[in-house]
Amino acid sequence: MTGERLGGRFARLWTASTLSALGSGTATVAAPLYVASRTDDPLVVSAGAAVSWLPWLLFALPGGVLADRVDRRRLMVLIDWVRVVALAALAAAMLADRAGIVLLYLVLFVVNTGEVVFRVAAQAVLPAVVPRSRLERANGWLSGGAQVTQNMVAGPLGGFLFVLAAAAPFALNAGTYALSAVLVGLLAGTYRGEGARTGPRSARAEIAEGFRWLLS
């Protein structure tokens, strides 16, 4: 079974997810470099890490609840285009030398909030993209691609691009999200969550259930 192909739909989903993670990682690396070039206040510089990772704490559970209530493909496409607009605006402001630290951190928060929900939706889409017998393998590829690109490739790439031009990593980031949106949009099939089909429980109840599961 290990030699079975995962199919063209999975290839598009994997490429979109990997590009999304690469873009997010590049922006996360470049952001503190930009802040450090504007201020020597260590608190302001270190705040970038908090802004980058806070969405994972705040929106992982609500993101799962949202993905269970809507068409996941449309949700992923919407997230990508929102991030394209945010990053394009940031890159343009940098080129015009009008980008402040507050704007940078706001965009970084939006980008990483989108990444949280995007990854949750991508995982939820998998059972509709590959057969059950290949889910474990597909999950490994999806998770591995995101981890390698965001944690290993994005660091040196983001630093190199920042040396070339401060706006370059963020412009690249916008491009990766645009490509991701196109690829996800090309997925054929229906990807509505179970809650959208059967009538979901209250969002608060589902978030509380997820939180109890984490505690246990």
Side-chain angles (χ1 to χ4, degrees), residues 16-67 75-122 145-182 184 207:
S17 177
T18 302
L19 284 171
S20 178
L22 176 64
S24 296
T26 302
T28 300
V29 167
L33 296 175
Y34 182 78
V35 175
S37 70
R38 291 299 187 100
T39 179
D40 57 1
D41 188 332
L43 183 61
V44 176
V45 174
S46 63
V51 171
S52 298
W53 294 108
L54 188 60
W56 292 93
L57 176 65
L58 296 179
F59 299 113
L61 290 176
V65 173
L66 175 62
L75 176 63
M76 294 163 71
V77 171
L78 175 62
I79 288 170
D80 273 337
W81 284 122
V82 167
R83 295 191 292 183
V84 168
V85 172
L87 283 159
L90 176 62
M94 286 182 171
L95 289 173
D97 199 25
R98 293 180 178 274
I101 294 175
V102 173
L103 174 62
L104 174 66
Y105 282 170
L106 178 62
V107 170
L108 201 60
F109 187 83
V110 170
V111 164
N112 283 283
T113 298
E115 186 67 17
V116 173
V117 183
F118 185 97
R119 287 204 199 177
V120 170
Q147 291 297 324
V148 168
T149 52
Q150 186 164 12
N151 297 327
M152 298 178 66
V153 178
L157 178 61
F160 173 74
L161 290 175
F162 183 81
V163 171
L164 296 180
F170 304 98
L172 172 69
N173 197 177
T176 61
Y177 291 150
L179 287 173
S180 174
V182 172
V184 173
I207 292 172

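Nothing here was measured: the structure is a model prediction, and the numbers come from that model.
- Nearest heavy atom pair, residue Ala31 against residue Leu104, reads O-CD2, 3.6 Å.
- Each salt bridge (Lys or Arg N to Asp or Glu O under 4.0 Å) pair with one or both residues in residues 170-180, not counting sequence neighbours, would appear here, but there are none.
- Contact record, Thr149 with Ala21: OG1-CB, 3.6 Å, taken as the closest heavy-atom pair.
- Contacts classified as salt bridge (Lys or Arg N to Asp or Glu O under 4.0 Å) and involving residues 154-175 (residues at least two apart or in different chains) are not found.
- Leu54 contributes atom CG, which lies 7.5 Å from atom CZ of Phe59 (distance to the nearest 0.5 angstrom).
- Proximity of Thr176 to Thr26: side-chain heavy atoms (C-beta onward) are nowhere separated by under 4.5 Å.
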Which atom pairs, one a donor and one an acceptor, fall under 3.5 Å between side chains of residues 160-175 and the rest of the protein, sequence neighbours left out?
residue: Asn173; atom: ND2; partner: Gly23; partner atom: O; Å: 3.0
residue: Asn173; atom: ND2; partner: Tyr177; partner atom: OH; Å: 3.4

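- In this structure, the side chains of Val35 and Thr39 come closer than 4.5 Å at one or more pairs of heavy atoms.
- Between Val45 and Ala36, the shortest heavy-atom contact is CG2-CA, 4.1 Å.
- One distance of note links OG of Ser37 with CD1 of Ile101; it measures 8.0 Å at 0.5 Å rounding.
- Interatomic distance, Gln147 CD to Thr18 OG1, rounded to the nearest 0.5 Å: 11.0 Å.
- Shortest non-hydrogen contact noted between Asp80 and Ser180 is OD2-OG, 2.6 Å.
- A side-chain donor-acceptor contact under 3.5 Å links Thr113 to the backbone of Phe109.
- Taking Tyr105 as the reference, nothing meets the side chain to side chain donor-acceptor pair (under 3.5 Å) condition, with sequence neighbours excluded.
- Across every non-hydrogen atom of Gly114 and Arg83, the tightest pair is C-NH1, 3.6 Å.
- Sorted by first and then second residue, the salt bridge (Lys or Arg N to Asp or Glu O under 4.0 Å) pairs with a member in residues 33-62 read Arg38-Asp97; sequence neighbours excluded.
- Residues Val120 and Ala60 come closest through the heavy atom pair CG2-O, 4.2 Å.
- The salt bridge (Lys or Arg N to Asp or Glu O under 4.0 Å) analysis of residues 157-182, with sequence neighbours excluded, yields no pairs.
- A donor-acceptor contact shorter than 3.5 Å links the side chain of Tyr34 to the backbone of Ala99.
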Run the numbers on Val65 and Leu61 for side-chain contact (heavy atoms from CB on, under 4.5 Å), then give the verdict. CA-CA 7 Å; Val65 173; Leu61 290 176; 5.8 Å; no
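- Partner of Leu108 under the side-chain contact (heavy atoms from CB on, under 4.5 Å) criterion, out of Val110, Asn112, Leu106: Asn112 alone.
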